[in-house]
Amino acid sequence: VVLYNTLIHGLSSCGRMVEAVAVFEDMQQNNGCSPSIATYGALIDGFSKSGDLRGATETWNKMMADEGCVDMVNVVVYTSMVDVLCRHWMFDEAYALIERMRRSSCHPNTVTFNTLIGGLAGSGRTERARTIFEEMGRYGCIPNVTTYNELLGGLLKSEGTKEGLEFFKEMDSNGIVKPDLVTYNSVLRSVSRSGMLVLVLQIFGKMVSSGIEPDNFTFNTVIDAYSRQRRVGFAIRIQDRLSCRGYWCPDIVAYNSLLWGICRWFGPEKAGSYLEKMMVNHGTNP
RNA sequence: ACAACUUUU
């Protein structure tokens, strides 16, 4: 069963739901295996990630009709259902489901709330996200760094860099959660998109001195932000310096951003010759 | 270490 679950999870998480369902059928019909709660969990999550509300709901119903699993239904599966609903912006339904969890003695946890808050914040509903954020404590759920990162991301995207930076300062000084790599990456994204180069460097410095190692997301984020503006030349210089010193090996995402920028600001001709150079110099597969 | 949450093209 574990083997089947692993297989289903693998297919589900790259969107191959038709095959995942085929394996699900096969395990029962040809090998007499009974799905476990993790089997249903993997399937529901797969449907959720591919935006298939019906598929997720049907799987949920199958699970509820499965003698061996009804009583095993747990917070993980509920959270996946909350996730599907959020992806369809059915936030009232998601909230109702959390209420139902509480009543059915399957208590929501921090991840459950994070799923809802992430959905709200990611769709511009920052006010509502904050309300839930304040409410989760009453359910005995303590916000963690992910919760804060979700709110921060929402603020940066829908309320603007300034609002977001204020939240970041609060987060940094109140000592409840410590800003992490994702926190800094989000902030750097907004700040470099606003073109505030000095601030980018300051924040980057703060990040490094807090002992956080920048990763590909960090560099790609900044490179992309500057490629979108007229600053592609600048983006290329950053890339060159970092890779010459061996700090970073640019990946395919970075090259995509640079190419987009060169194409947009200097025309396809230039982009073509850059593409050739990049293949020779770095052995990257476009 | 069989399933759920946040950052880049």
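Letters A, B, ... are given to chains in the order of the sequence lines, protein chains preceding strands, and every chain is numbered from 1.
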A:K162 bridged to A:E166 by N-O distance under 4.0 Å = no
Using atom types as modelled and distance alone, determine if a side-chain donor or acceptor of A:T183 lies under 3.5 Å from a backbone N or O of A:D180.
-> yes
Can you give one letter per nucleotide of nucleotides 2-9 of chain B, going 5' to 3': B for a protein heavy atom under 4.0 Å from the base, S for sugar-phosphate only, - for none?
-> BBBBBBBB
Report the relative orientation of the aromatic rings in A:F219 and A:F204; use parallel for angles under 30°, tilted for 30 to 60°, perpendicular for over 60°.
-> tilted
Please answer whether the main-chain N or O of A:A38 pairs with a side-chain N or O of A:S36 as donor and acceptor at a distance below 3.5 Å.
-> yes
For the pair A:D92 and A:R128, find out whether any cationic side-chain nitrogen is under 4.0 Å from an anionic carboxylate oxygen.
-> yes
